[in-house]
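Take this structure, written in structure tokens, and hold onto it; I'll ask about it next.
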Amino acid sequence: METEAYLGPEDAASHAAFRPRSHALFYGEGGHAYVYTAYGMHACFNAVANPAGQPGCVLVRALEPLLGLRAMARRRGIGAESARLATGPGNLCRALAITVADSGADLTAGRLVIAPPDRPRDFTIARGPRIGITRAADLPLRFWVADHRHVSRLPRPR
DNA sequence: AGGATGATGAAG
DNA sequence: TTCATCATCCTA
């Protein structure tokens with residue numbers, strides 16, 4: 001499990017700072033999806049995370065598949081046991097069949113839902129710099145479950 | 001209309 | 001490290 005935070009215009013790496021067409025969603029009510037296309041071919045899934053008027057999104061970069069492994073493996077074209085099934089923002093969207101058509105969707109109801117776990121699980125959250133950005137590359141806004149198998153990359157060496 | 005730029009992934 | 005591949009933004 002792995003996420004990154006993208007803030008408002010003060011965060012130079014955030015689409016809220018340099019991508020006008022994403023502004024409406026960034027500033028919208030939390031609990032909705034913001035899906036964009038990276039490098040022309042990869043969908044990336046964000047959850048809008050703040051009350052309306054306060055820009056902010058959470059990019060979901062990796063997760064641990066618990067259900068539907070067969071379907072994910074089929075969409076990804078790899079084995080269902082692979083740790084990379086939904087690891088990496090583009091891979092995650094392919095595994096879950098998330099496309100830009102899902103942008104704006106309500107994440108509290110419908111096909112895409114973010115819900116609390118059935119049972120609480122014990123884990124430690126590690127923190128470090130975000131991946132693949134050039135601006136504001138020093139901000140430690142990437143969060144992942146420490147020692148977790150389903151993480152896209154280990155922290156950048158210093 | 002045309003060029004630059006990526007919140008990537010896969011292969012070598 | 002290279003490159004496939006294109007939505008979006010910028011310049012003109």
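Chain A is the first sequence line, chain B the second, and so forth, proteins listed ahead of strands; every chain is numbered from 1. Fair warning: this is a prediction, and the values are worked out from it, not measured in the lab.
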ask   = From the list B:dA7, B:dA10, B:dT8, which nucleotide is the closest neighbour of the side chain of A:H42?
value = B:dT8

query = To the side chain of A:R94, which of B:dA10, B:dA7, C:dC9 is closest?
reply = B:dA10

note = From the candidates C:dA7, B:dA7, C:dC9, the one with an atom nearest any side-chain atom of A:T37 is C:dA7

request  = Scan A:L59 against the nucleic acid and name what it touches under 4.0 Å (heavy atoms): base, sugar-phosphate only, or nothing.
outcome  = base

request  = Ignoring hydrogens and angles, tell me if any N or O in the side chain of A:S82 forms a donor-acceptor pair with the backbone of A:G79 under 3.5 Å.
outcome  = no

ask   = Between C:dT8 atom P and A:R21 atom CZ, what is the distance in whole Å?
value = 5 Å

query = Parallel, tilted or perpendicular: which fits the ring planes of A:H15 and A:F26, with parallel below 30° and perpendicular above 60°?
reply = tilted

query = Between B:dA7, C:dA4, B:dA10, which nucleotide gets closest to the side-chain atoms of A:F26?
reply = B:dA7

query = Side chain of A:Y36, base of B:dA7: donor and acceptor closer than 3.5 Å?
reply = yes

note = For A:E4 and A:Y6 the tightest heavy-atom approach is OE1-OH, 2.6 Å

query = Any idea which of C:dC9, B:dG6, B:dA7 is nearest the A:Y39 side chain?
reply = B:dG6

request  = Could you check how far CD of A:E2 sits from C1' of B:dG9, rounded to whole Å?
outcome  = 14 Å

note = Among B:dT8, C:dA7, B:dA7, the one nearest any side-chain atom of A:N46 is B:dA7

request  = Please give the nucleotide sitting opposite B:dT8 as a Watson-Crick or G-U wobble pair, both distances under 3.5 Å, or none.
outcome  = C:dA4

ask   = Roughly how many Å is it from CD1 in A:I133 to P in B:dT8, rounded to a whole number?
value = 9 Å

ask   = Rounded to the nearest Å, what distance is computed from the CD1 atom of residue A:I78 to the P atom of nucleotide B:dG9?
value = 12 Å

inquiry  = I need the CG-P distance between A:N91 and B:dG9, as an integer number of Å.
reply    = 5 Å

ask   = How long is the line joining CG of A:L25 and C1' of C:dA7, in whole Å?
value = 16 Å

ask   = Quick one: A:R75 CZ to B:dG9 C1', roughly how many Å, whole number?
value = 19 Å

key: Among C:dA7, B:dA10, B:dG6, the nucleotide that comes nearest once only the side chain of A:R135 is considered   = B:dG6

query = Are any of A:R84's side-chain N or O atoms less than 4.0 Å away from OP1 or OP2 of B:dG9?
reply = no

query = Do A:E64 and A:R149 sit within salt-bridge range, that is, some charged N less than 4.0 Å from a carboxylate O?
reply = no

inquiry  = Measure CD1/A:I131 against C1'/B:dG6 and give the value in whole Å, please.
reply    = 15 Å

task = Say whether, by atom type as modelled, one donor and one acceptor occur between the side chain of A:R75 and the main chain of A:A95 under 3.5 angstrom.
result = yes

